[in-house]
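Scope of the values below: all heavy atoms of this structure, side chains included, with no hydrogens, waters or symmetry mates. Letters A, B, ... are given to chains in the order of the sequence lines, protein chains preceding strands, and every chain is numbered from 1. Just so it is clear, the model here is predicted, and its values are computed rather than measured.
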Amino acid sequence: MNHIGTNSEAKIGSLTKPQTQINSRSNIGQRKVKEKIAFSFIWLAGFIAIAALVWIIGYVMVQGFKVIDLEFITTRPQGGMDGEGGISTTIVTTIYLVVLTIAIAAPLGIGAAIYLVEYAREVEKKSKLLRYIIEVARSGVEILAGVPSIIFGLFGFALFVSFMKLKFSLLSAGLSGACLILPVIIRTSEEALLAVPVSFREASLGLGATKWQTNVNVVLPAAMPGIITGIVLSVGRIIAETAIFWVTLGGSYRLPTSLLSSGRTMALHVYMLASETRAFDKAMGTAAILIIVIILLNLFINYLSKRLTLKATGKGSQR
Amino acid sequence: MSDKTRTQINQISSKKPFLVKIVSVLIFLGMTGLTIGVTFFDLFIKNEELLSFLSSPETTDVLVKFILSGLLVILSILVSQGLWNYKNWARTVVIISIIIYEMVVFVNVLFALSAEIFAGEEALKLGVILLVLGKYLWVIVLRSVIPLLILWGLFKMEQYFEETPKQKEFVDQTVRYLLLAVGLSAIFIVFLIIIFTLSESWDAIEEIGINNMLFGTIWRPQQNEYGLIPMVLGSILVTIGSAIIGVPLSVFAAILLAEIAPPLFRNIVRPAIELLAGIPSVIYGLFGMVVLAPIIRQIEIPRNTGYGLLNASIILAVMIIPTITNIAEDAIRAVPKYYKEGSLALGTTHWETIVKVILPAARSGIIAAVILGIGRALGETMAVIMIIGNSIAIPSPITDNPLSIIFSGARTLTGNVAVEINYAAGAHRSALFFTGILLFLMIFLTNSIARFLMKEKVNS
């Protein structure tokens, strides 16, 4: 008891001591200086990061534009040490590959997402085994999303090029690419479907439609912007990918005439020009076109997601 | 309801368009005529690629031809009969067939078009290109007018078609099972990948042995040496190098964008960085080869080629900046506003608030972003090949100064796979698949840690 009494007395005693130290308040000046130094340091670091990125992209685009003209785009590469010719066949191959990959992966991915969102919940209640399988399927999607593309290339090489004897072809590249973008499409489609309000589905079912009719006529159209965003993201990924196609598409610079012919995408062409020829200018040109395509794709995605948030929340994007 | 209204409703609902009956007759005649003509009289071969398999040399067996064309005729009778009676299933079949036909036409035209415009040796003038485009557009129009009209008509007249509840149930159930199969495709693919990579690498595990590969220090396939240590070291060193340069820069950039920069700055820079995350990596590699290598070469050290760990670290760092900055900035913005407001109200400066309140709160998100960026650096292949020198020796300092290791060439695990897979055979190829497994495990580990941290953050 006595100790406590002494302690509190001592505390009160110090409170009533006259304030002779004024500078315990004024270290705000010090702290503000520290803040100014820290902020300028951060601005510097941020500036370096952004400037490095801008320098690289800007340099490539400036150098690349010097080479781009109508001839560059419409003649085909002719091989050779100086990389004569244009990049026409690479543009065409890239388009073929993108269309093929999306054609394979989109139905699979959207279908899988529809199942996971709409049908899985009822099944999970019925059978524990099915619930387990679906859990494993979900983790499978997560795992696939993180695998580097060279592994998909290896896999595609082992399965499609060697085992299924498809050789280096559009088909094996398309199938491997489809595996690559499947997780992205499943994930974005799932999110898009989950964002559709439950009231939509309930209203449709209340009107007497079957579950499938509801999905096709009500839920899917509502989720379309999100699903398309996922698909456009995958298109960007396919255009930018090199490693996976280096191993499954082969490097022929001819125009592919069927699904089983080899070819070269633009990104692959940049790599091959840079490593096998001296034609760095043409490589820059191809790279510049690639960058423009990615910029356009990104603008499209931004437009889509603005429309999406407008629809979902009724007001503009909060960002 | 009065009798008058009832008859009125009956009249309206039974006003089924006669057009559909016309279409069904058309389909019947068209399909039958086409089948018979292609099978027996070799007509329309050039135009109807879809049915060309009927007259191709492989199906010259007359019996097979008969059966196939007979089946097609029966099918077209059934469909047109269903269409005549306004059955919904017939309508769906016709719609799907028309869509498939259109796609085939489109693909064929595309192939022919690009062969004309793009395969040439010389450039075509703009006028010629437009002419060719016009020609093929006309071909598409010519072939598609009637089918597209039918398609449009069928869509418009949806309400007049009927189906029984049993049919609806059947479709529903089928779709259910179909979607289940599709939904399991993702896990099926993971399964396939694991099985195939394992089986392809089994040879290496048997013949060379995991110990030899994981701990061997020489990689010379011609002499049966399959030690992966040089590549593992290369990967680790280049990842650490890029982390040292890139992580501080990106985290600071994230703090800048989330807390310190004015909104105008942020509205310009943030979309730009999101865009840069999608730039093909070979472009960065190209820059490293063409611009950075000469710059590094200017440092006066013997045997300095400009390629090597330093070049790769810098370029990789720039590559992972967008990834880390985007996610870290989201993590910082996700810190509740009242943390910051409470701290400021207590009299701290903005910087002190950032360091002592906001950053610790966003810590797991930032760490997750960093780990994801490191994962990307580990998995990067083509850009790194272009600038790292690809020497198969263990990276070591090229002068007496141990720091000069940054000028040493190296090879990463990913680069090893990409460079040698095209011509590897036997045990060599098997060893490369083993490298793939190793990579898969490394990145799986880093990504699992990142995901675990992100989930923890959401829960807290």
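The candidate from I151(A), L154(A), I294(A) with the greatest count of non-hydrogen atom pairs under 4.5 Å with chain B is L154(A). Ranked by heavy-atom pairs under 4.5 Å with chain A, the list E259(B), E380(B), R429(B) is led by R429(B). In terms of heavy-atom pairs under 4.5 angstrom with chain A, the leader among L286(B), I321(B), I189(B) is L286(B). Ranked by heavy-atom pairs under 4.5 Å with chain A, the first of R176(B), E169(B), K168(B) is R176(B). Note: V290(B) leads T197(B), I273(B), V290(B) in heavy-atom pairs under 4.5 Å with chain A. Note: A112(A) leads A112(A), A49(A), A288(A) in heavy-atom pairs under 4.5 Å with chain B. When Y59(A), Y96(A), F280(A), F41(A) are compared by the number of non-hydrogen pairs under 4.5 Å with chain B, Y96(A) comes out ahead. Annotation: maximal heavy-atom pairing with chain B below 4.5 Å, among G46(A), P107(A), A158(A), occurs at A158(A). Among the candidates M319(B), M386(B), E352(B), R376(B), the residue making the largest number of heavy-atom pairs closer than 4.5 Å to chain A is E352(B). Among F287(B), F252(B), F444(B), F440(B), the residue making the largest number of heavy-atom pairs under 4.5 Å with chain A is F287(B). The choice from L116(A), V147(A), L159(A) that makes the most heavy-atom pairs within less than 4.5 Å of chain B is L159(A).
Nearest approach of V282(B) to A267(A), heavy atoms of both residues: CG2-O, 3.8 Å. Heavy atoms only, all atoms of each residue included: W351(B) and I42(A) are closest at CZ3-CD1, 3.7 Å. Between G347(B) and I28(A), the shortest heavy-atom contact is O-CD1, 4.5 Å.
Using a 4.5 Å cut-off between heavy atoms, M382(B) touches chain A through backbone and side chain atoms alike. Contacts between L276(B) and chain A at a heavy-atom distance below 4.5 Å involve the side chain alone, from C-beta outward. Proximity to chain B involves both the backbone and the side chain of L108(A), based on heavy atoms less than 4.5 angstrom apart. Of the atoms belonging to L110(B), heavy atoms from both backbone and side chain fall under 4.5 Å from chain A. When heavy atoms are compared at a cutoff of 4.5 Å, T349(B) approaches chain A by way of both its backbone and its side chain. Heavy-atom distances place the side chain of I50(A), and not its backbone, under 4.5 Å from chain B. For chain A, no part of V355(B) is nearby; none of its heavy atoms comes within less than 4.5 Å. Only the side chain of I354(B) comes within contact range of chain A, with at least one heavy atom under 4.5 Å from a heavy atom of that chain. For I295(A), the parts sitting under 4.5 Å from any heavy atom of chain B are the backbone and the side chain alike. Interface residue I443(B): only side-chain heavy atoms are found under 4.5 Å from chain A. Proximity to chain A is limited to the side chain of V175(B), based on heavy atoms less than 4.5 angstrom apart. Using a 4.5 Å cut-off between heavy atoms, Y177(B) does not touch chain A at all. If you measure heavy-atom distances from S162(A) to chain B, the contacts under 4.5 Å come from the side chain alone. For chain B, the nearby parts of M284(A) are the backbone and the side chain; heavy atoms of each come within less than 4.5 Å. Looking at L182(A), the atoms closer than 4.5 Å to chain B (heavy atoms on both sides) all sit in the side chain, from C-beta outward. There is no contact between A272(B) and chain A, counting heavy-atom distances below 4.5 Å.
From I283(B), atom CD1 reaches atom CG of L290(A) across 5.0 Å, with rounding to the nearest 0.5 Å. Interatomic distance, T414(B) OG1 to I150(A) CD1, rounded to the nearest 0.5 Å: 7.5 Å. To the nearest 0.5 Å, atom CZ of residue F163(A) and atom OG of residue S199(B) are 8.5 Å apart.
At a threshold of 4.5 Å between non-hydrogen side-chain atoms, the residues T381(B) and P148(A) do not count as touching. The side-chain heavy atoms of W246(A) and N422(B), taken from C-beta on, include a pair separated by under 4.5 Å. F47(A) has its side chain out of reach of L249(B): every pair of non-hydrogen atoms, C-beta onward, lies at least 4.5 Å apart.
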Walk me through it: do L192(B) and F155(A) pass the test side chain to side chain contact (heavy atoms under 4.5 Å, CB included)?
-> CA-CA 9 Å; L192(B) 265 185; F155(A) 165 66; 3.9 Å; yes

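Other residues, nucleotides and ligands contribute at most 12 non-hydrogen atoms within 6.0 Å of the NZ atom of K34(A).
Separation of the F170(B) and W212(A) ring centroids does not fall under the 6.0 Å cut-off.
Side-chain atoms of E35(A) come within 3.5 Å of backbone N or O of H350(B) as a donor-acceptor pair. The closest donor-acceptor contact from the side chain of W43(A) to the backbone of L256(B) lies at 3.5 Å or more, if one exists at all.
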